[in-house]
Amino acid sequence: MTTTPSPRPTRILVTGGAGFIGSHYVRTLLGPHGPNDVTVTVLDKLTYAGNLANLDEVHDRPSFSFVKGDICDDALVAELMGRHDEVVHFAAESHVDRSIDGAAEFVRTNVVGTHTLIDAAHRAGVQTFVHVSTDEVYGSIERGSWLETQPLAPNSPYSAAKASSDLIALSYHRTHGLDVRVTRCSNNYGHHHFPEKVIPLFVTNLLDGSKVPLYGDGGNIRDWLHIDDHVQGIELVRTKGRPGEVYNIGGGTELTNRELTRLLVEACGANWDTAVEYVPDRKGHDRRYSVDYTKIREELGYVPRKEFSAALTETVQWYRDNRAWWEPLKGRAAL
Ligand code: NAD
């Protein structure tokens with residue numbers, strides 16, 4: 001009698017998997033509801049934003065391994081591509097304010113690093129490359145929402161570097177036929193978010209009794225997407241998306257920064273008049289981002305499931321309960 005060998009698990013290389021979204025993706029993939037036919041290698045340089053503690057839950061799994069390294073390291077990247085089937089690429093310099101202060105590292109990691117990965121993926125014959133991008137590549141929109149076909153018009157050095165990496169990634173599909181899929185999502189929120197980004201910065205300041213800095217008139221508008229929903233969207237794109245396609249991933253909750261701040265002040269039991277300090281606006285601050293996510297909804301069945309106010313309350317509670325996670329990071333967050 002002959003036995004059919006069980007198919008080999010899909011070997012996924014996750015770059016930036018020690019960061020906020022990448023680590024949630026890895027925890028979800030290797031968690032009780034994830035697919036059981038995958039192994040995951042995280043490649044992460046552990047910059048100020050990378051944190052191995054984010055991977056504690058999965059660190060001892062036989063299906064998990066961690067490589068500390070730089071996505072710009074050609075030799076390391078070529079070696080890793082040779083033993084992986086798919087790539088989900090999160091690694092990036094991700095904070096707009098830092099890119100205004102100095103953009104060199106953004107160009108190096110986001111542009112050169114993405115090219116290093118995609119070129120090595122092509123040469124190694126990797127099956128699928130999911131490139132995680134952002135709604136910020138489209139630039140600001142007064143009314144309505146951007147479709148995936150909208151030409152890119154990024155405004156900050158961060159979003160310009162991300163837009164460049166999207167175009168390089170997509171060029172490898174058009175030129176070489178590599179199966180590249182790009183996701184562009186709105187602002188993420190949730191637990192394990194580094195305390196330099198607006199929600200965790202404000203929550204941790206408020207829990208410490210410190211002031212929160214509100215840019216300009218507080219009227220800038222963002223769409224909020226919970227990390228569970230972002231990860232759901234990325235998995236749909238990895239497993240069911242089409243090669244060479246871009247998919248917007250939205251959350252469906254638009255708020256001005258003033259409205260968001262009010263909710264955070266209330267959730268933390270603080271007082272607006274003593275806690276909120278208006279500060280000069282960010283240079284080149286985009287007024288509003290909004291993506292139309294009809295394509296991923298109709299083609300792949302994506303629906304954001306997290307209800308914003310309940311999920312925001314859960315997020316604030318997580319920061320109340322996990323001071324040991326964020327307190328050591330507050331010093332690192334200072335520019
Ligand atoms: P993050 O800053 O929390 O994590 C980035 C990770 O990449 C860190 O672990 C860091 O150590 C690693 N990294 C940085 N440079 C590296 C290099 N040269 N080599 C290897 N690893 C390196 O970022 P995040 O918020 O988790 O974002 C992940 C991705 O999602 C990014 O590509 C970002 O542009 C995109 N994105 C984020 C948001 C958001 O709201 N956070 C929204 C849209 C898109």
Side-chain angles (χ1 to χ4, degrees), residues 13-27 41-55 66-74 76-77 80 87-99 104-117 120 130-138 154 156-166 169 182-201 222-227 229-231 233-234 237 246-251 260 286 289 291 293 315 326 329 332-333:
L13 178 65
V14 177
T15 72
F20 166 49
I21 308 170
S23 67
H24 193 57
Y25 179 72
V26 172
R27 291 190 303 267
T41 305
V42 166
L43 168 62
D44 198 297
K45 189 178 168 184
L46 297 180
T47 66
Y48 78 95
N51 187 348
L52 265 185
N54 293 350
L55 295 165
F66 180 81
V67 176
K68 182 172 188 289
D70 192 329
I71 59 167
C72 299
D73 179 340
D74 302 270
L76 173 64
V77 166
L80 286 169
V87 178
V88 183
H89 173 35
F90 294 91
E93 286 295 332
S94 67
H95 191 40
V96 175
D97 288 341
R98 284 178 188 266
S99 79
E105 204 49 38
F106 287 74
V107 174
R108 202 186 81 87
T109 287
N110 302 2
V111 184
V112 178
T114 299
H115 170 259
T116 305
L117 290 168
V130 179
H131 173 67
V132 178
S133 188
T134 167
D135 59 357
E136 300 192 27
V137 297
Y138 297 117
S156 72
Y158 161 69
S159 55
K162 289 297 291 187
S164 310
S165 67
D166 287 22
V182 174
T183 62
R184 295 188 183 135
C185 70
S186 49
N187 271 40
N188 283 222
Y189 71 101
H191 47 87
H192 293 91
H193 202 181
F194 193 83
E196 66 181 352
K197 306 283 170 60
V198 65
I199 290 182
L201 173 71
R222 298 293 181 264
D223 169 54
W224 290 97
L225 170 69
H226 190 269
I227 41 171
D229 287 324
H230 188 193
V231 162
I234 292 171
V237 170
V246 177
Y247 295 90
N248 289 340
I249 307 177
L260 175 70
D286 284 333
Y289 300 126
V291 285
Y293 58 93
T315 301
W326 58 263
L329 305 180
R332 271 204 253 165

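Note: hydrogens, waters and symmetry copies are ignored here, and every other heavy atom, side chains too, is used. Remember, it's 1-based here, ligands and their atoms both numbered in the order they're listed.
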Item to complete: Give a yes or no on whether a salt bridge exists between Lys45 and Asp70, defined as a side-chain N under 4.0 angstrom from a carboxylate O.
Response: yes

Fill in: Atom pair OG/NE2 of Ser164 and His115 - distance to nearest 0.5 Å
13.0 Å

Worksheet entry | Protein heavy atom at shortest distance from atom 8 (C) of ligand 1 | Asp44 OD2, 3.6 Å

Fill in: Under 3.5 Å donor-acceptor, Thr109 side chain and Phe106 backbone
no

Practice prompt. Examine Thr47 against ligand 1 and note whether any of their N/O atoms are separated by less than 3.5 Å.
Written response: yes

Item to complete: Answer yes or no: does an N/O atom from Phe20 fall short of 3.5 Å to an N/O atom of ligand 1?
Response: yes

Response to the item:
Interatomic distance, CD1@Ile71 vs CG@Leu76, rounded to 0.5 Å, equals 11.0 Å

Response to the item:
The atoms of ligand 1 lying under 4.0 Å from a heavy atom of Phe90, numbered in the order shown, are 28 (C), 29 (C), 31 (C), 32 (O)

Practice prompt. Tell me which part of His89 gets within contact of ligand 1: side chain, backbone, both or neither, using heavy atoms under 4.0 Å.
Written response: neither

Worksheet item: Got the closest protein heavy atom to atom 37 (C) of ligand 1, with its distance?
Response: Ile21 CD1, 3.5 Å

Worksheet item: Just by distance, do the side chain of Asp44 and the backbone of Gly50 share a donor-acceptor pair under 3.5 Å?
Response: no

Discussion item. Tell me whether Glu196 is salt-bridged to Arg98, with the criterion being a basic N under 4.0 Å from an acidic carboxylate O.
Written reply: yes

Worksheet item: Ignoring hydrogens and geometry, is there a side-chain-to-backbone donor-acceptor pair from Lys162 to Val132 under 3.5 Å?
Response: yes

Practice prompt. Just let me know how Trp224 lines up against ligand 1, side chain, backbone, both or neither, with a heavy-atom cut-off below 4.0 Å.
Written response: neither

Worksheet item: Hey, is the main chain of Ser186 close enough, under 3.5 Å, to the side chain of Asn188 for a donor-acceptor pair?
Response: yes

Item to complete: List the closest protein heavy-atom neighbour of atom 4 (O) of ligand 1: residue, atom name, distance to the nearest 0.1 Å.
Response: Gly19 CA, 3.4 Å

Discussion item. Tell me if a side-chain donor or acceptor on Thr15 pairs with a main-chain N or O of Phe90 at a distance below 3.5 Å.
Written reply: yes

Worksheet item: Does an N or O from Asp70, backbone or side chain, lie closer than 3.5 Å to an N or O of ligand 1?
Response: yes

Worksheet item: Of all the heavy atoms in Asn187, does at least one lie under 4.0 Å from an atom in ligand 1?
Response: yes

Worksheet, complete the sentence: When distances are taken from atom 32 (O) of ligand 1, the protein heavy atom at minimum range is Lys162 NZ, 2.6 Å

Worksheet, complete the sentence: With heavy atoms and a 4.0 Å threshold, my read on which part of Ser133 contacts ligand 1 is backbone

Response to the item:
When distances are taken from atom 33 (C) of ligand 1, the protein heavy atom at minimum range is Tyr158 OH, 3.5 Å

Fill in: Sub-4.0 Å atoms of ligand 1 with respect to non-hydrogen atoms of Gly69
19 (N), 20 (C)

Worksheet item: In terms of residue, atom name and distance, what is the protein heavy atom nearest to atom 21 (N) of ligand 1?
Response: Lys45 N, 3.1 Å

Discussion item. Taking the ring centre of each residue, are Tyr48 and Phe194 less than 6.0 Å apart?
Written reply: yes

Response to the item:
Going by the 4.0 angstrom heavy-atom rule, the piece of Asn188 near ligand 1 is both

Worksheet item: Within the structure, does Leu43 bring an N/O atom to less than 3.5 angstrom of an N/O atom in ligand 1?
Response: no

Response to the item:
A student checking ligand 1 against Val132 at a 4.0 Å heavy-atom cut-off should list atoms 30 (O), 32 (O)

Worksheet item: So, the side chain of Ser99 versus the backbone of Tyr158: is there a donor-acceptor pair under 3.5 Å, distance only?
Response: yes

Discussion item. With respect to Ser186, determine whether any N or O atom, backbone or side chain, lies less than 3.5 Å from an N or O atom of ligand 1.
Written reply: no

Discussion item. For ligand 1, which is the ligand I care about here, please tell me if Thr134 has any N or O atom under 3.5 Å from one of the ligand's N or O atoms.
Written reply: no

Practice prompt. Kindly say whether Phe20 contributes a backbone atom to a donor-acceptor pair with the side chain of Ser23 at under 3.5 angstrom?
Written response: yes

Item to complete: Around atom 5 (C) of ligand 1, find the nearest protein heavy atom and jot down its residue, atom name and distance.
Response: Ala92 O, 3.5 Å

Fill in: Backbone of Gly251 reached by a side-chain donor or acceptor of Asp223 within 3.5 Å
yes

Response to the item:
Closest non-hydrogen atoms of Ile21 and Val231, given as atom of the first, atom of the second and distance, are O-CG2, 4.5 Å

Practice prompt. Determine, using heavy atoms of Cys185 and all atoms of ligand 1, whether some pair is separated by less than 4.0 Å.
Written response: yes

Worksheet item: So, do His230 and His24 have ring centers that fall under 6.0 Å from each other?
Response: no

Worksheet item: Which of the numbered atoms in ligand 1 are below 4.0 angstrom from a heavy atom of Leu46?
Response: 11 (O)

Practice prompt. Would you mind telling me if ligand 1 is within reach of the side chain of Leu225, the backbone, both or neither, using heavy atoms under 4.0 Å?
Written response: neither

Worksheet item: Which residue supplies the protein heavy atom nearest to atom 23 (O) of ligand 1, what is that atom called, and how far is it?
Response: Ser94 OG, 3.3 Å

